There are 2 protein chains.
Amino acid sequence: MQIDDVDQRIIASLVADARASYAEIGARVSLSAPAVKRRVDRLRAAGVIRGFTAVIDPAAVGWTTEAFVELFCAGRTTPAQIAVAVRRLPEVVGAYTVSGEADALVHLRAADIAHLEDALERLRAQPFVTSTRSTIVLSRLVDSPTVVAAPT
Amino acid sequence: MQIDDVDQRIIASLVADARASYAEIGARVSLSAPAVKRRVDRLRAAGVIRGFTAVIDPAAVGWTTEAFVELFCAGRTTPAQIAVAVRRLPEVVGAYTVSGEADALVHLRAADIAHLEDALERLRAQPFVTSTRSTIVLSRLVDSPTVVAAPT
DNA sequence: GTTGAAAGTCGTGCCCA
DNA sequence: TGGGCACGACTTTCAAC
């Protein structure tokens with residue numbers, strides 16, 4: 001899909017505040033509210049904008065422990081298999097196939113160490129997982145929900 | 001702050017759709033729109049809800065290359081120093097101090113390999129960085145913007 | 001792409017239980 | 001706390017330009 005820089009600025013506006021009114025966004029990008037709505041509808045239909053979400057403080061909802069787990073998988077494991085498996089764990093907030101020694105990197109978020117260990121156990125129970133290497137997060141320095149190009 | 005399970009369900013609603021009206025959320029949690037608004041205002045003021053954002057397809061905006069970079073830092077480097085440095089790079093979408101060999105883990109998102117290399121160079125230019133180890137993301141299996149407890 | 005008008009919905013402050 | 005009401009603003013869909 002073609003995205004011009006007006007679209008970019010609309011996206012940046014929505015990333016900064018997803019509850020902004022179309023009139024408000026229009027003022028920032030010099031467009032009328034109906035014009036903004038049409039562009040947003042088009043961007044949503046095209047899958048560029050996947051949805052709108054609230055950014056929650058993980059600690060406030062009791063999600064205080066995080067880890068990154070490197071996954072080492074059996075020879076003929078496909079990314080799709082890994083994807084299916086990790087999506088079953090609600091503790092998984094991110095998962096990627098990666099270059100290097102490990103086959104995948106899984107980002108876990110849990111209530112506490114015990115919960116984390118429990119999730120890790122379920123992850124290791126997958127038949128294709130040969131071994132794992134965990135790295136506990138000590139503190140969160142940056143955690144942008146999404147970062148998009150230049151603002152207004 | 002005290003969060004009851006009505007708050008939890010309101011949060012879950014907003015995470016699922018940040019543009020839902022208060023009346024809509026109220027219908028799901030059996031509350032009137034003003035009551036929902038008051039709770040949301042309170043949650044925002046308390047920092048539980050940090051804001052509302054759009055979930056963007058990174059590929060659609062030209063952000064196609066990702067990497068995780070392990071940072072090895074000089075002896076007396078504080079997390080605050082690392083935080084300041086990584087926040088200066090717009091390519092950083094996440095950064096954490098971690099247990100294990102490395103001191104920090106930085107999640108980068110760039111337009112392409114050249115851009116990634118450029119960002120990495122700027123990261124390595126920090127005086128406290130003694131060395132880095134990069135892991136390129138081959139594919140994104142899961143990338144939840146936020147995951148919160150049980151839905152409605 | 002724009003404007004302007006229509007009807008319906010929503011946000012939000014205020015008051016009462 | 002919660003709900004109800006009221007007013008103004010916003011959304012959304014038209015039409016016509």
Side-chain angles (χ1 to χ4, degrees), chain A residues 1-64 111 145-146 148-152, chain B residues 1-57 59-62 145-146 148-152:
Chain A
M1 199 195 118
Q2 185 70 2
I3 298 173
D4 63 21
D5 51 87
V6 175
D7 290 324
Q8 283 282 0
R9 283 160 62 207
I10 290 174
I11 289 169
S13 270
L14 285 170
V15 168
D17 179 11
R19 281 185 83 91
S21 72
Y22 292 125
E24 216 170 316
I25 300 164
R28 260 197 285 268
V29 303
S30 316
L31 236 55
S32 66
V36 173
K37 184 194 186 311
R38 257 180 300 172
R39 279 171 181 263
V40 172
D41 286 347
R42 191 170 47 89
L43 290 167
R44 291 202 64 169
V48 175
I49 297 174
R50 296 209 188 131
F52 302 99
T53 190
V55 184
I56 305 301
D57 176 9
V61 291
W63 250 228
T64 61
T146 322
V148 180
T152 322
Chain B
M1 199 195 118
Q2 185 70 0
I3 298 174
D4 63 20
D5 51 86
V6 175
D7 290 324
Q8 283 283 0
R9 284 161 62 207
I10 290 174
I11 289 170
S13 270
L14 284 169
V15 168
D17 179 11
R19 281 184 81 91
S21 70
Y22 292 125
E24 219 170 313
I25 300 164
R28 261 196 286 268
V29 302
S30 316
L31 237 55
S32 68
V36 173
K37 185 196 185 309
R38 262 187 311 224
R39 279 171 180 263
V40 172
D41 287 345
R42 190 171 48 89
L43 290 167
R44 290 202 66 169
V48 175
I49 297 175
R50 295 209 187 131
F52 303 100
T53 191
V55 183
I56 305 301
D57 176 8
V61 291
T146 322
V148 180
T152 324

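Lettering follows sequence order; numbering is per chain, from 1. For clarity, every value in this text was computed on a predicted model and none was experimentally measured.
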Checking contacts here: which listed nucleotide ([options]) is nearest the side-chain heavy atoms of [X]?
X: A:Ser32; options: D:dT1, C:dT12, C:dT3; value: C:dT3
X: A:Ala23; options: C:dG1, D:dG2, D:dT11; value: D:dT11
X: A:Lys37; options: D:dT12, C:dG11, C:dC15; value: D:dT12
X: A:Pro34; options: D:dG2, C:dG13, C:dT3; value: C:dT3
X: B:Ala35; options: D:dG3, D:dT1, C:dT2; value: D:dG3

Just the rounded figure in Å: distance from [atom2] of [N] to [atom1] of [X].
X: A:Arg19; N: C:dG11; atom1: CZ; atom2: P; result: 6 Å
X: B:Leu31; N: C:dT12; atom1: CG; atom2: C1'; result: 16 Å
X: A:Asp41; N: D:dT11; atom1: CG; atom2: P; result: 12 Å
X: B:Tyr22; N: D:dC10; atom1: OH; atom2: P; result: 14 Å
X: B:Glu24; N: D:dT11; atom1: CD; atom2: P; result: 14 Å
X: B:Ile25; N: C:dC10; atom1: CD1; atom2: C1'; result: 12 Å

Exercise. Picking from A:Ile11, A:Leu31, A:Val36, what satisfies side chain to side chain contact (heavy atoms under 4.5 Å, CB included) with A:Ile25?
Worked result: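 One option only clears the test, and that one is A:Val36.
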Problem set entry | Distance under 6.0 Å and angle within 45° of ring axis: B:Arg28 vs B:Tyr22 |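 No cation-pi geometry.
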Exercise. Below 4.0 angstrom, N of the basic side chain to O of the carboxylate: do B:Arg9 and B:Asp4 qualify?
Worked result: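 No salt bridge links B:Arg9 with B:Asp4.
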Exercise. Does any N or O donor sit under 3.5 Å from an N or O acceptor when you compare the side chain of B:Arg38 with the base of D:dG3?
Worked result: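 Yes.
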For this session: Assign B:Ser21 to base, sugar-phosphate, or nothing according to its heavy-atom contacts below 4.0 angstrom with the strands shown.
Result: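 Since only primed, P, OP1 and OP2 atoms lie under 4.0 Å of B:Ser21, the category is sugar-phosphate.
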For this session: Just jot down the side chain to side chain donor-acceptor pair (under 3.5 Å) partners of A:Arg38, sequence neighbours excluded, or say none.
Result: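 For A:Arg38 there are no side chain to side chain donor-acceptor pair (under 3.5 Å) partners, ignoring immediate neighbours.
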